[in-house]
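The structure appears right after this line, and notes come after that.
Numbers restart at 1 for each chain; the letters A, B, ... are given by sequence-line order, proteins then strands.
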There are 2 protein chains.
Amino acid sequence: MESLETLLSVLRQNHLKITPQRRLILEILVDDASHPTVDQVYQQVITVMPNVSRTTVYNTLHELVALGVLIEVQDMGAGGGRYDTNASQHHHLLCTHCHTLLDIERDFPELELTPVEACGYRIARHQVTFYGVCPCCQQALASQEESI
Amino acid sequence: MESLETLLSVLRQNHLKITPQRRLILEILVDDASHPTVDQVYQQVITVMPNVSRTTVYNTLHELVALGVLIEVQDMGAGGGRYDTNASQHHHLLCTHCHTLLDIERDFPELELTPVEACGYRIARHQVTFYGVCPCCQQALASQEESI
DNA sequence: ATTCTACTTAGTAATTATTATAAACTGGGG
DNA sequence: CCCCAGTTTATAATAATTACTAAGTAGAAT
Ligand SMILES: [Mn+2]
Ligand SMILES: [Mn+2]
Ligand SMILES: [Zn+2]
Ligand SMILES: [Zn+2]
């Protein structure tokens with residue numbers, strides 16, 4: 001994600017007030033590349049400002065998405081959507097067991113649909129998700145099988 | 001999706017009773033390649049059997065997913081997850097405006113992560129989603145701009 | 001610095017999606 | 001035809017998100 005200063009200036013440019021709550025949420029987001037859920041952001045928020053409401057977290061995340069500096073990603077299985085603080089074009093590697101989600105920064109420019117495949121759609125971008133099992137979960141699954 | 005007969009035999013092989021409710025849901029699924037939501041399946045169900053409960057639809061869809069003949073897909077923006085009656089490996093083309101989701105049956109075998117990119121994950125598969133605007137929505141958006 | 005106001009927040013309620021529970025029902029083997 | 005494990009339904013509970021509104025405040029204007 002961009003630096004805190006960049007994000008603050010985006011807010012200013014869009015005439016959004018820089019409240020302590022918004023500032024805290026931005027600070028948390030720039031430090032968290034784990035694709036957190038709304039609730040994970042909220043839990044971090046209330047360790048610092050215990051009175052912030054969930055509504056404020058929802059509002060702020062939605063505003064950042066509307067401004068294009070935050071992306072919503074879907075994750076099979078986990079509760080609720082997750083937010084991606086890396087708004088640049090990139091791809092993902094998901095552990096199907098614990099849902100840890102890593103960024104893959106490489107580009108895959110060779111992915112192009114033929115006109116007949118595209119069916120008249122005007123294609124803007126593509127996104128690849130690799131599914132697998134992370135090293136931690138491989139170990140956990142292996143020792144689980146042993147104990148059977 | 002497989003034929004109705006194939007699905008019925010999968011149920012039989014797994015000692016699941018073929019009830020009128022399940023049969024109807026299967027009939028609906030084999031005819032619907034639109035990646036419907038739970039509610040869209042339910043709405044079709046109750047036009048034929050008005051007393052079927054949502055729980056039965058949820059249960060049946062989950063059972064089919066467990067049997068591997070139905071896939072859950074995530075769709076940014078639309079309400080709830082969607083079900084994919086095409087359980088084979090394939091990719092998707094999503095209209096970011098109306099969320100129409102088309103299957104792309106081509107394979108992309110060249111998509112491989114290097115060991116360093118894979119970070120120790122044991123990778124099982126990958127899935128590509130192309131994002132764009134479908135012809136209908138292109139027209140709608142164009143005429144909308146005209147009227148401004 | 002003080003005032004003012006439109007924007008923001010917190011708290012609560014409402015909505016929506018999904019899962020849990022348990023009593024009544026039934027497909028299909030025997 | 002009987003029977004019972006599996007299934008369905010209705011209802012309640014849980015979870016995720018959105019709506020609403022009175023109270024609070026950031027930042028511009030004075
Ligand atoms: Mn990412
Ligand atoms: Mn599909
Ligand atoms: Zn894992
Ligand atoms: Zn469309």
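Non-hydrogen atoms lying under 4.0 Å from DNA chain D are contributed by nothing in residues 5-14 of chain B. Sorted by residue number, the members of residues 55-62 of chain A with any non-hydrogen atom under 4.0 Å from DNA chain D read Thr55(A), Tyr58(A), His62(A). Scanning residues 16-23 of chain A for heavy-atom distances under 4.0 Å to DNA chain D yields Lys17(A), Ile18(A), Pro20(A).
Following rounding to the nearest Å, Leu64(B) (CG) and dT7(D) (C1') show an atom-to-atom distance of 14 Å. Distance, His15(B) NE2 to dT7(D) C1': 16 Å, rounded to whole Å. Note: CZ (Arg54(B)) to P (dT11(D)) measures 14 Å, nearest angstrom. Taking atom CG of residue Asn51(A) and atom P of nucleotide dT12(C), one finds them 12 Å apart after rounding to whole Å. Rounded to an integer number of Å, the gap from CD1 of Ile46(B) to P of dA10(D) is 12 Å. The CD atom of Glu72(A) sits 15 Å away from the P atom of dA16(D) (whole-angstrom rounding).
Sorted by first then second residue, the side chain to side chain donor-acceptor pair (under 3.5 Å) pairs that include residues 3-16 of chain B, not counting sequence neighbours, are Ser3(B)-Thr6(B).
In this structure Gln44(B) satisfies the side chain to side chain donor-acceptor pair (under 3.5 Å) test together with Asp32(B), sequence neighbours excluded. Checked against side-chain contact (heavy atoms from CB on, under 4.5 Å), Gln139(B) has no partners two or more places apart in sequence or in another chain. Scored by the side-chain contact (heavy atoms from CB on, under 4.5 Å) test, Val48(B) finds Leu24(B) as partners (sequence neighbours excluded). Under the salt bridge (charged side-chain N to carboxylate O under 4.0 Å, His left out) criterion, Arg54(A) pairs with Asp39(A), not counting sequence neighbours. Take Arg106(A) and apply the salt bridge (charged side-chain N to carboxylate O under 4.0 Å, His left out) test, not counting sequence neighbours, and it matches Glu117(B). Taking the salt bridge (charged side-chain N to carboxylate O under 4.0 Å, His left out) definition, one finds that Asp31(B) meets it with nothing, sequence neighbours left out. For Leu4(A), the side-chain contact (heavy atoms from CB on, under 4.5 Å) partners at least two apart in sequence or on another chain are Leu8(A), Leu26(A), Glu27(A).
For the pair Met49(A) and Asp39(B), nearest-nucleotide mapping onto DNA chain C gives the more 5' position to Met49(A).
The six-membered or imidazole ring of His92(B) lies near that of His90(B), with a centre-to-centre distance under 6.0 Å.
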- Item | Step-by-step ring pair (Phe, Tyr, Trp, His ring centres under 6.0 Å) determination, Phe108(B) to His91(B) | CA-CA 9 Å; Phe108(B) 297 101; His91(B) 305 283; 5.1 Å; yes
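The rotation axes computed at either terminus of the helix from dA1(C)-dT30(D) to dG30(C)-dC1(D) lie 30° apart, taking five pairs at each end and rounding to 10 degrees.
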